[in-house]
2 protein chains.
Amino acid sequence: MPRAVESEQSSQKLEIILRHAAQVFADKGYEGASIRDISRSSRVSLSGLYYYVKSKQEILYLIQLSTFRTILARLQAALRGVRDPSERLRILVHNHLAYFLEHPTEMKVLAHEDDALEGAYRQEVAEIKRKYYGIAVEIFEALQPAGQARGLNSRVAVLSLFGMMNWIHTWHRPQRDPQAEALSEAMSRMFLHGVMNERSPVARRPLPNTRARETRAARIAV
Amino acid sequence: MPRAVESEQSSQKLEIILRHAAQVFADKGYEGASIRDISRSSRVSLSGLYYYVKSKQEILYLIQLSTFRTILARLQAALRGVRDPSERLRILVHNHLAYFLEHPTEMKVLAHEDDALEGAYRQEVAEIKRKYYGIAVEIFEALQPAGQARGLNSRVAVLSLFGMMNWIHTWHRPQRDPQAEALSEAMSRMFLHGVMNERSPVARRPLPNTRARETRAARIAV
DNA sequence: TGATCTTTCGAACGAACGTTCGACCAATTC
DNA sequence: GAATTGGTCGAACGTTCGTTCGAAAGATCA
């Protein structure tokens with residue numbers, strides 16, 4: 001019989017399986033990875049896996065769902081009480097990148113296996129993704145009434161930002177590249193003010209001295 | 001016997017095969033696609049494919065190699081004679097995005113199947129990629145002596161730019177989203193000057209009137 | 001017409017795939 | 001101590017995979 005209501009032990013073992021599965025999917029891709037790979041790496045027999053999980057698709061679904069739920073919940077918590085649009089954007093970027101660097105395997109699976117799910121699984125994940133995206137659009141558009149944002153297509157701007165952030169799974173090496181703090185500061189700054197040195201950057205928060213120079217974290221060594 | 005020196009006809013048929021293969025890889029991913037899928041869609045028998053091609057890996061290799069070579073050659077041609085760093089960056093972005101939107105299937109295969117190649121195939125493609133990346137870094141760093149670029153990690157800045165651009169394969173819908181001109185103008189502008197409205201944008205070229213407003217193409221409807 | 005070379009393909013190879021089944025073991029309940 | 005329950009797994013299922021092989025059909029030139 002398949003697992004019906006999970007005991008403490010049981011759901012703990014499911015988590016182990018999902019953790020190893022995420023690693024395997026990240027290494028070989030969803031299609032390139034086999035259930036046997038997951039069985040070997042998690043030390044659960046091939047048939048034993050099916051006590052915890054209905055199918056290979058469900059494994060991917062469970063990984064994506066829980067990862068996305070966590071990152072969304074963290075974002076909502078971090079945003080609570082913050083009103084300034086620029087600051088909210090910085091929080092979004094930091095939350096996204098910090099989670100990315102803490103859980104690189106799960107996030108790679110999220111970013112790279114976007115098309116692999118089908119049917120109801122796909123739709124359920126898409127729903128969370130829409131919500132996450134919607135928050136980003138709201139934040140972006142709130143930059144405008146303040147008379148700050150250029151006349152830019154929100155969709156293009158926000159998806160470009162996600163592109164910057166999600167692409168890091170292809171290049172970021174923890175030893176070599178900046179960590180979450182510096183990286184999110186750099187990307188927020190690039191997104192908000194660009195790479196060029198027009199006059200002076202806007203200060204992080206409205207300060208007496210509007211011409212404050214950039215923070216240390218943003219000035220990454222070349 | 002496998003094809004040795006290709007005749008006119010023969011290499012033409014190889015191109016047909018590669019075009020269909022790119023479509024199949026783009027739809028199902030490299031691992032998810034089968035040689036039989038490619039056989040079916042290109043109307044060449046399963047064994048017939050192996051007259052033109054040594055292996056499934058070689059198919060992917062040939063697609064990636066020729067796509068990358070073309071985009072690199074076009075970039076070098078478009079850059080010839082242009083000295084202004086900002087303008088060179090705009091050319092790079094436009095070249096990349098224009099090719100992306102003209103050949104979405106090949107570019108999706110390039111962006112998405114980055115890890116799929118192995119051994120010598122992988123290295124040969126990596127070499128071109130390094131060259132392409134190197135040009136981008138050069139352009140970016142040339143923004144600095146002019147006293148224009150912020151103290152930003154080149155690697156982070158350039159790879160963020162590639163992230164913006166390459167990510168479009170996940171979201172761009174030709175009917176709905178801006179075309180190459182408007183899109184590259186928007187992304188160049190975002191990268192160079194950001195999304196916020198600090199004072200005034202810098203003019204495209206050094207003009208008498210440094211405070212010229214943005215061009216029409218950049219003001220995309222929301 | 002016959003010889004040679006290029007191109008095509010049906011049939012089969014062994015290996016690997018996702019999934020299922022029924023037997024089994026250990027612990028808990030009566 | 002018999003029955004029940006939660007967890008485990010070896011063996012096998014039918015299918016699909018990438019690749020090979022040898023025969024044969026078409027083209028080219030003697």
Side-chain angles (χ1 to χ4, degrees), chain A residues 1-18 20-22 24-25 27-63 109 113 115-122, chain B residues 1-18 20-22 24-25 27-63 109 113 115-122:
Chain A
M1 266 296 208
R3 184 181 58 97
V5 180
E6 65 275 1
S7 74
E8 181 62 27
Q9 256 194 68
S10 167
S11 74
Q12 214 170 298
K13 187 155 183 185
L14 173 60
E15 270 178 40
I16 292 176
I17 291 171
L18 294 182
H20 284 93
V24 172
F25 287 157
D27 288 346
K28 320 180 89 173
Y30 174 74
E31 297 285 355
S34 75
I35 294 281
R36 284 167 177 83
D37 291 329
I38 297 171
S39 157
R40 199 173 313 117
S41 111
S42 64
R43 295 180 198 283
V44 178
S45 74
L46 184 56
S47 48
L49 287 175
Y50 285 86
Y51 178 76
Y52 291 94
V53 123
K54 217 193 303 293
S55 65
K56 190 185 176 189
Q57 278 262 317
E58 199 192 37
I59 298 179
L60 179 60
Y61 163 75
L62 289 173
I63 293 169
V109 173
E113 309 301 343
D115 291 350
L117 283 183
E118 289 173 352
Y121 288 150
R122 185 188 188 85
Chain B
M1 265 294 205
R3 187 179 57 96
V5 180
E6 64 276 0
S7 73
E8 180 61 28
Q9 256 196 69
S10 168
S11 75
Q12 213 170 298
K13 187 154 182 183
L14 174 59
E15 270 180 39
I16 292 177
I17 291 171
L18 293 181
H20 284 94
V24 172
F25 287 157
D27 288 346
K28 321 179 89 174
Y30 174 73
E31 297 285 356
S34 74
I35 294 279
R36 283 166 177 83
D37 291 328
I38 297 171
S39 159
R40 199 174 312 116
S41 112
S42 64
R43 295 179 198 285
V44 178
S45 73
L46 183 57
S47 46
L49 287 175
Y50 284 86
Y51 177 75
Y52 291 93
V53 124
K54 219 193 303 293
S55 65
K56 190 185 177 189
Q57 279 261 318
E58 198 193 38
I59 298 180
L60 178 59
Y61 163 74
L62 290 173
I63 293 170
V109 173
E113 309 303 341
D115 290 348
L117 283 184
E118 289 172 353
Y121 288 150
R122 185 188 188 88

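It should be emphasised that the depicted structure is a prediction, and the values quoted were computed from it without experimental measurement. Chain letters run A, B, ... following the sequence lines, proteins first, then strands; residues in each count from 1.
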Next on the checklist: Without decimals, in angstroms, what is the distance between B/Y51 OH and D/dA23 P?
Outcome noted: 18 Å

Interatomic spacing from [atom1] in [X] to [atom2] in [Y] - rounded to 0.5 Å:
X: B/I35; Y: B/S47; atom1: CD1; atom2: OG; result: 11.5 Å
X: B/L14; Y: B/Y51; atom1: CG; atom2: OH; result: 11.5 Å
X: A/H20; Y: A/L49; atom1: NE2; atom2: CG; result: 11.5 Å
X: A/K13; Y: A/L18; atom1: NZ; atom2: CG; result: 13.0 Å

Item to check | Presence of A/Y52 side-chain N/O under 4.0 Å of D/dG7 phosphate oxygens OP1/OP2 | outcome: no

Next on the checklist: Taking the cut-offs as 6.0 angstrom to the six-membered ring centre and 45 degrees off its axis, would you call B/K56 and B/Y30 a cation-pi pair?
Outcome noted: yes

Checklist outcome for this item: Protein-proximity profile, nucleotides 9-22 of chain D, B/S/- by nucleotide at the 4.0 Å heavy-atom cutoff, equals BB-B----BBBBB-

